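Everything numeric in this text was worked out from a predicted model, so none of it was measured.
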Amino acid sequence: MKWAKLAVAGVLAVMAATAGAAPAFTGVQEQVANVERAFAATMKARDHAAFVAFLSDEAVFSGGTQPLRGKKAVADEWKKFFAKPDAPFTWEPDEVEVLASGTLAKTSGPVHGPDGKLIARFSSVWRLEAPNTWRIVFDGGVEVCGNK
């Protein structure tokens with residue numbers, strides 16, 4: 001009985017220690033997570049040209065009244081998010097899935113407002129378009145409940 005209590009206590013301690021930790025990605029998952037982080041960093045750096053470099057020519061961004069289709073349409077519409085000195089939102093992947101072929105991946109995670117409040121979750125699809133060159137092909141987000 002004593003050993004069972006110790007085992008349960010150990011499991012609870014590990015769970016508590018890792019509850020706020022960043023997810024552990026490995027291999028190609030980590031590579032895609034890092035690409036997503038670099039993509040997000042363009043917003044913080046206020047670098048629209050760098051943002052555009054991550055877009056596939058065939059990119060489709062949804063979430064507005066109509067989907068944005070193509071690199072130019074996405075770049076043009078998103079330019080407004082780079083106009084002010086401070087980023088209007090930030091994001092970070094907490095889920096990454098990659099096909100066994102290693103050529104297509106999905107990322108998702110929280111989107112926070114400038115005050116740090118959770119405002120949405122994003123979901124993106126990345127395609128390996130050239131050696132070591134991941135580009136975003138689909139992107140969308142959904143507001144979290146109670147955010148209106």
task: Could you tell me which residues satisfy side-chain contact (heavy atoms from CB on, under 4.5 Å) with Thr26, sequence neighbours excluded, listed by chain and number?
output: Gln29
message: Show me the pairs that pass side chain to side chain donor-acceptor pair (under 3.5 Å) and involve residues 79-90, at least two apart or across chains.
response: Glu77-Lys80
query: For Pro110, which residues count as a side-chain contact (heavy atoms from CB on, under 4.5 Å) partner, sequence neighbours excluded?
result: Asp94, His112, Leu118, Arg121
message: List the residues meeting side-chain contact (heavy atoms from CB on, under 4.5 Å) with Ala40, not counting sequence neighbours, and say none if there are none.
response: Trp91
Residues which pass side-chain contact (heavy atoms from CB on, under 4.5 Å) with Ser123, listed by chain and number, not counting sequence neighbours: Lys106, Ser108
- prompt: Is there side-chain contact between Trp126 and Val137, with heavy atoms separated by less than 4.5 Å?
  reply: no
task: Under the ring-ring contact (aromatic ring centres under 6.0 Å, His included) rule, collect the residues that match up with Trp134, sequence neighbours excluded.
output: none
Per-pair distances, 0.1 Å, donor-acceptor, side chain in residues 53-69, under 3.5 Å, sequence neighbours excluded:
residue, atom, partner, partner atom, Å
Ser56, OG, Glu58, N, 3.2
Ser56, OG, Arg127, NH2, 3.1
Ser56, OG, Glu129, OE2, 2.7
Glu58, OE1, Arg127, NH1, 3.1
Glu58, OE1, Arg127, NH2, 2.7
Ser62, OG, Asp139, O, 3.4

- prompt: Does any non-hydrogen side-chain atom of Val98 lie less than 4.5 Å from one of Val32?
  reply: yes
- request: Using the test salt bridge (charged side-chain N to carboxylate O under 4.0 Å, His left out), find all partners of Asp47 that sit at least two apart in sequence or belong to another chain.
  value: none
message: Main chain of Ser101, side chain of Thr103: is a donor-acceptor contact present, judged purely on distance under 3.5 Å?
response: no
query: In chain order, what residues pass the salt bridge (charged side-chain N to carboxylate O under 4.0 Å, His left out) check against Lys44, with sequence neighbours excluded?
result: none
